[in-house]
Amino acid sequence: MPNQHPTSNIQYPSAQALVLFGPPGSGKGTQAKLLMQCLGIPQISTGDMLREHILAGDPLGQEISGVMHTGALVADEKVNALVEERLARPDCAHGFILDGYPRTRQQAEELVRWLGSRGIDELVIHLLVDYNSLITRLTGRRQCPQCGTLYNLFSKPPKVDEVCDLDGTKLVIRADDSAAVIRERLDAYERQTQPLIEFFRQSQRRLLEIDAGSDPPQELVRKICRAIPANARGG
Ligand code: ADP
């Protein structure tokens, strides 16, 4: 029987929620995009959604930009509201990939409640990467401000130094990839997010732990896809 929530007019027939979980720099965004292509369900990145509000300069963007630029977390109720609104859109009916959410105990409880009331199962995919590799990845990250393509000076350098391969635009460092902000983001992860693994274990959520430190992204996504149980692929 399809899952349907009484107050929502969208149905979630056999929908599967994948939660990509891991520290900044563990590759959640990259893996979420690759999984989206392979599974045909959307990536919901709270970081991207929040950055869009900052770029738009709307009231929410103005409220959160200070916090985000320090590397600390945005308030739970703001993020929960954004996610809830996003998940109610029709493209989520067969499932979705959460990237960067939940990040606090309050967000996790909210998500579990939301999913539970719709009869949707989630699978938490925990990307494991050691601390030194995270620092290397985060400090080497560059992005094309024109087309959004991501590079890394160490693992995926552009052909010409600091210039986008696709459109020749000069690459930029994301505002929160400076050394001090990286430290704060990793601290916030350790204090507020990492402990959620214990919450997932205790509440018997399905949890897949995967070494995300050595394989190139395309190989890693194949591993993840092979490890996702058939009944967790939505549709
Ligand atoms: P990363 O995982 O590399 O830190 P993200 O793009 O996921 O990158 O997040 C960037 C920033 O956006 C975070 O440092 C935080 O300020 C904010 N943010 C993203 N997701 C959340 C969330 N679920 N709760 C609170 N703040 C968030």
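All ligand and atom numbering here is 1-based and tracks the order in the structure.
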Is the contact between Ser45 and ligand 1 made by the side chain, the backbone, both, or neither, using heavy atoms and a 4.0 Å cut-off?
neither
Atoms in ligand 1 with a heavy atom of Lys28 nearer than 4.0 Å
2 (O)
Give a yes or no on whether a salt bridge exists between Asp177 and Arg185, defined as a side-chain N under 4.0 angstrom from a carboxylate O.
yes
Closest protein heavy atom to atom 11 (C) of ligand 1, given as residue, atom name and distance to 0.1 Å
Met68 CE, 3.7 Å
Against heavy atoms of Arg174, which atoms of ligand 1 measure under 4.0 Å?
3 (O), 6 (O), 8 (O), 10 (C)
In ligand 1, which numbered atoms sit nearer than 4.0 Å to a non-hydrogen atom of Ala72?
15 (C), 16 (O)
Less than 3.5 Å between some nitrogen or oxygen of Tyr101 and one of ligand 1, yes or no?
no
Charged N to carboxylate O under 4.0 angstrom, Glu109 versus Arg105?
yes
Purely on distance, is any nitrogen or oxygen of Gly100 under 3.5 Å from one on ligand 1?
yes
I'd like to check the salt bridge (charged side-chain N to carboxylate O under 4.0 Å, His left out) partners of Glu63; sequence neighbours left out, ordered by chain and number.
Lys78
Check whether any side-chain N or O of Gln16 sits under 3.5 Å from a backbone N or O of Asp121 as a donor-acceptor pair, and report yes or no.
yes
Check ligand 1 against Arg51 and write out every atom of the ligand that is under 4.0 Å from a heavy-atom position of the residue.
6 (O), 10 (C)
In ligand 1, the atoms that come under 4.0 Å of a heavy atom of Gln107 are 22 (C), 23 (N), 24 (N), 25 (C)
One finds that the ligand 1 atoms under 4.0 Å from a non-hydrogen atom of Asp176 are 10 (C)
Could you check atom 20 (N) of ligand 1 against the protein and tell me its nearest heavy-atom contact, residue, atom and distance included?
Thr46 OG1, 2.8 Å
Nearest non-hydrogen contact with atom 25 (C) of ligand 1 belongs to which option: Ile64, Asn80, Val74, Leu134?
Val74
What protein heavy atom sits nearest atom 19 (C) of ligand 1, and how far away is it?
Arg103 NH1, 3.5 Å
Short side-chain to backbone donor-acceptor contact, Thr46 and Gly100, under 3.5 Å:
yes
Check ligand 1 against Leu50 and write out every atom of the ligand that is under 4.0 Å from a heavy-atom position of the residue.
17 (C), 18 (N), 19 (C), 27 (C)
Heavy-atom donor-acceptor pair, Asp165 side chain to Lys159 backbone, under 3.5 Å:
yes
Please could you name the atoms of ligand 1 that Arg141 approaches to less than 4.0 Å, counting only its heavy atoms?
3 (O)
